Enquirer: 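Handing you this structure, nothing more for now.
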Amino acid sequence: MTVAGEHQGSTPMFGIFLLSMYSLVLIPLTLWRLGGGSGEEAEVVKTWSSKGGKGEKKKPLGEQLRAVFSTRMVLAWLAWALLLWYVKHSMGSIENFDPFAILQVPVDASEGDIKKAYRKLSLQYHPDKNPDPKAHAYFATYIAKAYKALTDEVSRENYQKYGHPDGPQAMSVSVALPEWFFSKDKQTAPLILLVLLFGGIVTPLGIAAWYLMGTQKFVGPNQLMEETIALFMDPRYGIKASQALGRLPETLVCAMEFINLPTPSVSPRLAVGTPRRLPPRPGWPPSYQTSTPPCSDQPLLPETPLPQIFRPSPPLPRAVPQEQGPAMDELRKAVLRLHPDLKDKAAFWKRRTSVLKVHMLLLAQLSREEIPPALKKDLEFVLTKSMPLLQEMLAMSTLPRMQPGYGWLTPAVGCIELMQCIVQAVPLGAKKAASVGKSSETPAALLQLPHFDGEVLRQLARKKVKTMPELQQLDLEERRRLLKSCGLSSGEVEEVETMLSAMPSVWVSAQCVVEADELDDDIVLERDVVTCRIQVMLTRPSHMAAGFDPDSIKGKAALAYAPRFPQPKEETWYFVLADPAANASMGITKQNLLQAEAIGARYAANWSAKHTTAAVANVAGGGGGGGGKPGGAAPPLNPLLAGTKLDPFATNGTGEALESSIEELGQTFEIKFLAPAVAGKYDLQLLCMPDSWVGCDRAVPIKLRVDPATRADREGRGRRAALQRSEESEALMRAADGSDVDSDAGQEGEEEEDYDSEEYGTEESGDEGEEGESDASADD
């Protein structure tokens, strides 16, 4: 029996405690990985699927098991099995005292059967018959007490009450810690104290501090390093008001994530010039107070020395493969072959090796140049990390920088266009001459197609096909013959058709109003908070594929067809309300248009059901040429193609819209912005731009008239207040007229007091209407 106040450890119980805590982490983690690492909302739509349905969230069982049970997971479960085996063997067998089971007799056995069984076991375990000490202990502890419990009255009563022939047993409480923790040996006390101190306090706190220090290096929604944010905000290397698409990579490659990229020792062919140091700059991150900026290709002031831009990078934890040296030289030759003008630009080569390496990898990727195998992983890292970096640059571009709180338009549009070029591997030179809304007419839209290059574009131009809409509007068989004549194989033509079937077309309707006390006012005053209500519908040629189910479009997002991007890319759309004349970004929103696509798919099914099948037989093509109208010899144009004249939001009775209200046709959202501070007429644009497609942009013109705000308007006594009072008066009059009609209809069944109430209500409404009119006249 344990002495009162004395603690007793239990090594088996400690094992059970460890097994329980370990299972609470391992089992849910395994189930989470078996489920794909996300819930039902993580399902995505493969826009290029011939059936147009959901992307399969669950992989085959074999692939799931290989993905889930990686080497680390197998080792984790092996440790769990070993811990389970230890607990099982350390606990031993815990059995309840059952005299019938011990004597091996049934419950209804008679006294003679019990004595007979006792004598039989005595011959086997009695000390006189078996000298083994274990047999003696078993006989005295179990057999003798079991016989006594079934034959002695007192023992039987104790067994029935307490479950043991000796009566109530003393309770032993143990702590789930190893037994040596409670050793009375004074020599082990310091060791026990150290284990408790470091194992229970210092180690958990150290792990928590290490984790928090590691996570504090990354800030913002895109989880970028603090030094990266500082570099992007620096006036020399950061975003500038006039920085267009062609200059944005110079800022992108200055991210600290790229500067820390392991690189080989500096090659003499890459290092040009004499390195010098910059004086310390206040406001720079701590890691830059004693070093120099990472890159500089901007003109420097005469008193500013040339920055040390190609000095060896600091030691990094990950070793650099030795074969990267020759690979860098090979990459340099490829970049110079693609961009011979860089040979004379010394500022391009006077940068850190890591910055130069990232810039050359980007240029090679955008030109679809083959990358040396030693740099494949670096390229994958650069492409994957470029998307959150560009999102951060976009957010910085749209920060309030101009009155009354507008951002810069040129770099904002350039960031989105650079996302498109990186995802689809399109050269910047083919894209930078285009304007938003007309990018489908540039070579960049065609160059995003698989296996397209300059030679294919030249051959298409000879066949009078120079833009993406011209290629899309060709008949399917005619387009196949044309592509094969340009040197593409049958498999390559199929890849082109797959991408054409997934390219989106957006239909947008926008209206700017001022929301004031449940009243939408078209009068916009200076510095008013204006709401731009946007309605969007998205369609794709794949929506007209045979067997397509519009209801299958659901989940979290749609995947863009990006064969040259290293990871699955979710399609995202940016809507920018802009004033191009002032280079101002007035408002921006980021949207997932999956709901708009589901509505567009139903619209496509409705449209195809109303027209001849010849017009919708092709997945990526459709009906006749140029802008023919439905009817006549030429079939109607496929509405899923960009560049057609069809407008689903039109209300002119063309019959092409769905048989439903305009409010139900499209995904709706809003952009709130401040009206310009100066009265006048403004020609605004709503730029609709995806981050994964080139040539699918759309620019919606919006005319905004801003009236000057008078003193009465600022004090709430102007035209808007009068209009609001007038609306309230009309509402009261309509309510009064409705009560008159209801009262007359039920007049025969009403009592006299009801008639008085009705008369009183009519007079009261009339008075209110007259009072409202007099107030409006007075204000006028």
Side-chain angles (χ1 to χ4, degrees), residues 42-50 52-56 245 249 252 361-371 376-391 394 415-428 430-431 439-440 442-453 456 468 471-472 488 491-506 538 540-542 553 555-574 590-594 597 619-620 642 688-697:
E43 296 179 355
V44 293
V45 176
K46 292 182 179 178
T47 57
W48 64 91
S49 174
S50 59
K54 296 184 296 183
E56 294 184 3
L245 173 63
L252 176 64
L361 286 173
L362 275 178
L363 292 177
Q365 166 68 12
L366 295 176
S367 301
R368 300 190 177 184
E369 183 70 17
E370 187 65 26
I371 304 296
K376 290 285 188 180
K377 291 185 178 180
D378 290 335
L379 176 63
E380 181 177 349
F381 172 78
V382 169
L383 296 180
T384 305
K385 202 65 181 178
S386 294
M387 303 312 291
L389 288 171
L390 285 172
Q391 292 175 9
L394 175 61
C415 289
I416 303 175
E417 290 179 335
L418 185 54
M419 294 181 196
Q420 300 172 357
C421 294
I422 290 178
V423 171
Q424 298 296 348
V426 176
L428 301 184
K431 174 72 176 174
S439 57
S440 61
T442 63
L446 291 174
L447 287 175
Q448 71 178 322
L449 297 175
H451 313 291
F452 269 50
D453 53 17
V456 174
M468 177 64 75
L471 181 65
Q472 287 181 308
L488 272 65
E492 294 172 344
V493 170
E494 288 298 330
E495 293 183 30
V496 174
E497 292 293 340
T498 301
M499 188 169 189
L500 288 174
S501 69
M503 295 191 68
S505 299
V506 290
L538 186 146
R540 306 181 197 270
S542 60
I553 300 179
K556 186 185 72 170
L559 288 182
Y561 186 81
R564 301 190 70 89
F565 198 71
Q567 294 181 350
K569 179 66 180 68
E570 294 184 1
E571 185 179 289
T572 304
W573 288 78
Y574 293 92
K590 177 181 176 182
Q591 295 291 329
N592 174 1
L593 297 186
L594 200 62
E597 182 172 357
V619 172
C688 315
M689 305 179 66
D691 67 343
S692 308
W693 301 97
V694 180
C696 298
D697 310 333

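Model, not experiment: these values are computed from the prediction.
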Enquirer: Looking at P249 and L428, what are the two nearest heavy atoms and their distance?
Expert: CG-CD1, 3.6 Å
Enquirer: Might you point out which heavy atoms bring A430 and A444 nearest each other, and give the distance in Å?
Expert: O-CB, 3.3 Å
Enquirer: Is a donor on one side and an acceptor on the other found under 3.5 Å between the side chain of Q365 and the backbone of L362?
Expert: no
Enquirer: Quick check: do Q448 and M503 have side-chain heavy atoms less than 4.5 Å from each other?
Expert: yes
Enquirer: To the closest 0.5 Å, what do you measure between CD (E417) and CG (L245)?
Expert: 5.5 Å
Enquirer: Ignoring hydrogens and angles, tell me if any N or O in the side chain of E570 forms a donor-acceptor pair with the backbone of A557 under 3.5 Å.
Expert: no
Enquirer: Could you tell me the separation between the CG atom of L449 and the CD atom of E492, rounded to the nearest 0.5 Å?
Expert: 12.5 Å
Enquirer: Holding to side-chain contact (heavy atoms from CB on, under 4.5 Å), I want the full list of residues that pass it with L361, two or more places apart in sequence or in another chain.
Expert: L331, K357, I371, L375, D378, L379, V382
Enquirer: If you round to the nearest 0.5 Å, how far is CE of M689 from CD1 of I416?
Expert: 5.0 Å
Enquirer: What distance separates E571 CD from C696 SG, expressed to the nearest 0.5 Å?
Expert: 8.0 Å
Enquirer: Please list, chain by chain and in numerical order, all residues satisfying side-chain contact (heavy atoms from CB on, under 4.5 Å) with K590, sequence neighbours excluded.
Expert: Q391, T572, Y574
Enquirer: Quick one: are P541 and L500 in side-chain contact, heavy atoms under 4.5 Å?
Expert: no
Enquirer: Taking only residues two or more places apart in sequence, or in another chain, which ones meet Q420 in a side-chain hydrogen bond (donor to acceptor under 3.5 Å, both in side chains)?
Expert: K431, D697
Enquirer: So, taking the atom named OG in S542 and the one named CD in E597, what distance separates them when rounded to the nearest 0.5 Å?
Expert: 7.0 Å
Enquirer: Can you check whether S692's main-chain N or O pairs, donor with acceptor, with Q424's side chain at less than 3.5 Å?
Expert: yes
Enquirer: Go through the steps to decide whether V694 and M468 satisfy the test side-chain contact (heavy atoms from CB on, under 4.5 Å), and finish with yes or no.
Expert: CA-CA 10 Å; V694 180; M468 177 64 75; over 6 Å; no
Enquirer: Could you pull out the closest heavy-atom pair between C421 and L366, with the gap in Å?
Expert: O-CD2, 3.4 Å
Enquirer: Tell me, do F452 and P443 make a side-chain contact under 4.5 Å, heavy atoms counted?
Expert: no
Enquirer: I'd like to check the side-chain contact (heavy atoms from CB on, under 4.5 Å) partners of P566; sequence neighbours left out, ordered by chain and number.
Expert: E380, L383, T384
Enquirer: According to side-chain hydrogen bond (donor to acceptor under 3.5 Å, both in side chains), who are the partners of E495, at least two apart in sequence or on a separate chain?
Expert: H451
Enquirer: Please identify each residue that fulfils salt bridge (Lys or Arg N to Asp or Glu O under 4.0 Å) with E494, with sequence neighbours left out.
Expert: R480
Enquirer: Please name the pair of heavy atoms, one in S386 and one in I422, separated by the smallest distance, quoted to 0.1 Å.
Expert: CB-CD1, 4.0 Å
Enquirer: Using side-chain hydrogen bond (donor to acceptor under 3.5 Å, both in side chains) as the criterion, list what pairs up with D691, not counting sequence neighbours.
Expert: K569
Enquirer: So how far is it from Q591 CD to L538 CG, rounded to the nearest 0.5 Å?
Expert: 12.5 Å
Enquirer: Verify, without hydrogens or angle tests, whether R368 (side chain) and L447 (backbone) share a donor-acceptor contact under 3.5 angstrom.
Expert: yes
Enquirer: So, for P504 and W573, which heavy atoms are closest and what is the spacing to 0.1 Å?
Expert: CG-CZ2, 3.7 Å
Enquirer: Which residues pass the salt bridge (Lys or Arg N to Asp or Glu O under 4.0 Å) test with K376, sequence neighbours left out?
Expert: E370
Enquirer: Heavy-atom distance under 4.5 Å between the side chains of W693 and M499, does that happen here?
Expert: yes
